[in-house]
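Everything numeric here is computed off the predicted structure, so don't read it as measured data.
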Amino acid sequence: MESYNTKSTNLTRNQKRTIVSTSAGFALENMDVMFLSFALAPMIASLHISGAEAGLISSITNLGMLVGGVIFGLLGDRIGRVKTFSHTIFIFAFATAAMFFAKNIWVIYILRFIAGIGAGGEYGVGITLIAENFKKQHVGRMTSVAAIGGQIGAIFAAVMASLIIPNFGWNALFLVGLVPVALAFIVREHLQESPVFLESQDTAEGKKKISLGQLFTSKKQAYQTIALMFMVVVQIAGYFGLMNWLPTIMQKQLGITVSGSSIWMIATIVGMMTFGSILDYLGPRMAYTIFLLGSAVSVFLITLAANEITLILAGAVLGFFSNGMFGGYGAIISRLYPTHIRATANNLIVNVGRAIGGFSSVVIGFLMDHYNLITTMSFLAVLYLLSFAVMLSIPALRSLKMRNAADDEEEKTAA
């Protein structure tokens, strides 16, 4: 069995496989979500469905994510992370590919619910694998590296959509969902279960019955769980709200199309790496203070843009702050909850955030219809400030450090 690597610069074979497999999984998951966005307009036209029926597809997917998050979180803590992770990948990959055969909205609803089940289970188990295969002082950066896979998946989805939909139709786009399965399958065949999980199975805690109730065992624990849920709700609300409406805002504000979407993606990737490093070196309170306050301020940059260049730059700054902190939630959840309930905590907290935060698009659409852009951005700014206040109120985050002086000395010695 391979253990933690003692050197900071060289990864063990199993650590490399862990990062590659989780990044591939996150890329596939985000690619799947983006496929739906790109295919929605032609889907409405070809199936003759209403906007309300089409809008329900995302809601059903989010519901599936919540169900899958609970089921596979519990399974991940019971039967192991690797086996559960591989199951989730195959479920949402094959459900995505099956969309090729969908001929009516009811079949689409069923397939998207199933795909959501797989996607909802995949995130928390993958993040838990990373947290248990790397030293605590590296977890922030490693979870951010894996989260970048999601951004790469979005870019890949955009390229595939532009090539496939005009030539072969929207159904054919979903067949691409099978492509990363080969890589994920090969990697997972050789991926080892984390030593931390295997050791925990022989302890008294590891033999406990796993249940959602263990996330709410005391008032302090219950508050921590609910507070983290709220923070993820805000994260998802900002991300999906901005991702879905930014092109419309740009068109409405300046009468231009989004030619700088690649800049947004690059800024997000840089933001994730920066956040991960700050999280590891300065701790979660400082990292979230910088990025939540940065998000609250940067949303107003959109309202000040006077031309395409300033709008692209404003979007890049906003993407850096608002999306950069996503990978950090899994890192801190993995540190705040014990091994025997860690995957369940990650999946439940994140997928409740997805299920509720995903409705932000509806709220932002309402605000844009009835109020001005400043009011809409003020709504997002207030959410980020509330998340900042909630973050400061979580007692365990006050003392949580991702690294300490001993970690720094160990790395100097290893170097």
Side-chain angles (χ1 to χ4, degrees), residues 1-7 10-29 68-93 117-143 145-147 149 180-211 214-215 327 330-350:
M1 180 191 304
E2 290 184 84
S3 58
Y4 290 127
N5 181 24
T6 58
K7 294 184 179 181
N10 298 320
L11 301 181
T12 66
R13 184 167 52 185
N14 197 56
Q15 286 174 328
K16 291 176 183 177
R17 289 170 175 168
T18 298
I19 285 296
V20 170
S21 61
T22 50
S23 297
F26 295 165
L28 177 57
E29 177 193 339
V70 172
I71 293 173
F72 286 109
L74 293 169
L75 278 178
D77 285 324
R78 287 174 181 169
I79 68 174
R81 287 63 160 112
V82 175
K83 186 184 295 185
T84 304
F85 194 35
S86 62
H87 292 339
T88 64
I89 288 290
F90 289 121
I91 287 173
F92 74 76
I117 288 176
E122 180 264 345
Y123 173 81
V125 179
I127 285 293
T128 301
L129 263 174
I130 294 173
E132 294 178 351
N133 276 289
F134 289 88
K135 285 183 173 293
K136 64 182 182 180
Q137 66 265 31
H138 299 151
V139 170
R141 277 173 288 173
M142 291 300 105
T143 54
V145 167
V181 171
L183 173 62
F185 180 79
I186 292 171
V187 173
R188 283 169 183 74
E189 279 293 293
H190 303 283
L191 190 63
Q192 297 177 1
E193 191 61 77
S194 69
V196 174
F197 174 78
L198 293 175
E199 291 168 6
S200 75
Q201 297 304 289
D202 297 326
T203 66
E205 277 196 342
K207 292 179 169 47
K208 286 182 180 179
K209 182 179 178 181
I210 307 300
S211 69
Q214 292 182 38
L215 303 179
I332 62 173
I333 292 169
S334 296
R335 290 292 309 280
L336 292 177
Y337 293 86
T339 303
H340 73 282
I341 198 67
R342 186 171 291 150
T344 301
N346 265 307
N347 268 350
L348 180 67
I349 290 170
V350 170

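Going from atom CZ of F72 over to atom OG1 of T344 covers 12.5 Å, rounded to the nearest 0.5 Å. The distance from the CG atom of L336 to the CZ atom of R342 is 10.0 Å, given to the nearest 0.5 Å. The distance from atom OH of Y337 to atom CD1 of I349, rounded to the nearest 0.5 Å, is 4.0 Å. To the nearest 0.5 Å, atom OG1 of residue T18 and atom CE of residue M142 are 11.0 Å apart. A distance of 9.0 Å separates CG in N346 from CG in D77, rounded to the nearest 0.5 Å.
In this structure the side chain of V70 never reaches within 4.5 angstrom of the side chain of N347, judged on heavy atoms. In this structure the side chain of I127 never reaches within 4.5 angstrom of the side chain of T22, judged on heavy atoms. Proximity of Q214 to H340: side-chain heavy atoms (C-beta onward) are separated by under 4.5 Å at one or more points. Within the 4.5 Å cutoff, the side chain of Y123 has no heavy atoms near those of the T88 side chain. Side-chain contact between E193 and L129 is present, with heavy atoms from C-beta onward closer than 4.5 Å.
Judged by distance alone, the side chain of R81 and the main-chain N or O of V125 form no donor-acceptor pair under 3.5 Å. Judged by distance alone, the side chain of S86 and the main-chain N or O of K83 form a donor-acceptor pair under 3.5 Å.
Nearest heavy atoms, T143 versus A331: OG1-CB, 3.7 Å. Minimum heavy-atom separation, S23 to A146: OG-CA, 3.3 Å.
Of the residues listed (V139, T128, N14), the one engaging N133 in a side-chain contact (heavy atoms from CB on, under 4.5 Å) is N14, and it is the only one.
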The test is side-chain contact (heavy atoms from CB on, under 4.5 Å); show your working for F134 and I19 and say whether it passes. CA-CA 10 Å; F134 289 88; I19 285 296; 3.6 Å; yes
